[in-house]
Amino acid sequence: MCVTAVESRPAGVLGASQSPVHRPFGARVKAFVALTKPRIIELLLITTVPVMFLAQQGVPDLGLVLLTCLGGYLSAGGANALNMYIDRDIDALMDRTAQRPLVTGMVSPRECLAFGVTLAVVSTLLFGFTVNWLSAWLSLGALLFYVVVYTMILKRRTSQNIVWGGIAGCLPVLIGWSSVTNSMSWAPVVLFLVMFFWTPPHYWPLSMKVREDYARVGVPMLPVIASNKVVARQIVIYSWVMVAVSLLLTPLGYTGWFYTVVALAAGGFWLWEAHGLQNRAKAEVTGGKLKEMRLFHWSITYVSILFVAVAVDPFLR
């Protein structure tokens, strides 16, 4: 949920003042899909499914995988829709979010609220009756944490918003494990911590790129209130902790040589990029030459590679 992607702006959207009768059906369907932020949910599922392979130590039941993915999509989609409902005031003022469905008027606030609540209820019941109730409560907890704790409480009040708010985006790891085992273990806790320490250095480079957007609406993302040097230093610290935590799975006995090699290689490249950003920030490089988005894009690749290794490793032990 705090896992992010750069969103493209759809062409030809209608203005907020457009009458509902003139909103085309096809465009309306696309708008409701957009409320769920499908590109972001892709990353959430990337951290869910591989953990199911690790929990099973092989191929999990494919029906269970499909139900977990569907429940996860509906839950995260509901959280994202409710996030847009709450943030519709600042979304209208930010360039990055100016084409979201509530801003353009393609979806009304009431429709968005009803849509988000419906998805939340349906996803919880789906998890509970077809997977297990532990996964259902974890899913509902992630949704409530993102909507209430992050969006309503932290986001507009503290520069640590993404640090603690990112917990919501870490919970799919626990859901993937619990859907298979109906229990918890140290393996999903370790991967939860990997995602926890991954979230800030993933999101802060994007925040550096769009800091003027956040400053305009008074959202105190760290790059808004701190210099590039300070932000880059924090990115490096979180990155080192993230890579160190990612290597704990093997000594704990959950993974073997393949995962270790991949974690070392991918983590090493991450640290190279993080220190490169810090060096450019120290040199007071600004604008396009800061290249902060290199780390943002690599962060998405990193988590994909790492969790694919989580899924593959059981077959090579």
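Worth saying up front: this structure is predicted, and the values here are computed from it rather than measured.
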Task: Student check: side-chain heavy atoms of Val262 and Asp313 closer than 4.5 Å - done: no

- [ ] Looking only at non-hydrogen atoms, find the nearest pair between Pro101 and Ala34 and report the distance.
- [x] CG-CB, 3.9 Å

- [ ] State, yes or no, whether a side-chain contact exists between Ser304 and Leu43 at a heavy-atom distance under 4.5 Å.
- [x] yes

Task: Val180 side chain near Thr68 side chain, heavy-atom distance below 4.5 Å - done: no

Open item on the list: Distance alone, cut at 3.5 Å: any donor-acceptor contact between the side chains of Thr250 and Tyr259?
Closed with: no

Task: Where Lys155 and Asn161 come nearest, the two heavy atoms and their spacing - done: O-ND2, 3.0 Å

TODO: Assess whether atom CH2 of Trp133 is packed by more than 12 heavy atoms of other residues, nucleotides or ligands within 6.0 Å.
DONE: yes

Open item on the list: Closer than 4.0 angstrom, basic N to acidic O: yes or no for Arg211 and Glu292?
Closed with: no

Open item on the list: Whether Arg88 engages the ring of Tyr85 as a cation-pi pair (distance to the six-membered ring centre under 6.0 angstrom, angle to the ring normal within 45°) should be assessed.
Closed with: yes

Open item on the list: Strictly below 4.0 Å, N to O, side chains only: are Arg100 and Asp87 in salt-bridge contact?
Closed with: no

- [ ] Taking all heavy atoms of Ile46 and all of Val303, pick out the closest pair and write down the distance.
- [x] CG2-O, 4.3 Å

TODO: Looking only at non-hydrogen atoms, find the nearest pair between Trp164 and Phe196 and report the distance.
DONE: CZ3-CZ, 3.9 Å

TODO: Run the salt-bridge test on Asp213 and Arg96 with the 4.0 Å N-O cut-off and return the result as yes or no.
DONE: no

TODO: Give, for atom OH of Tyr302 and atom CH2 of Trp198, the distance between the pair rounded to the nearest 0.5 Å.
DONE: 10.5 Å

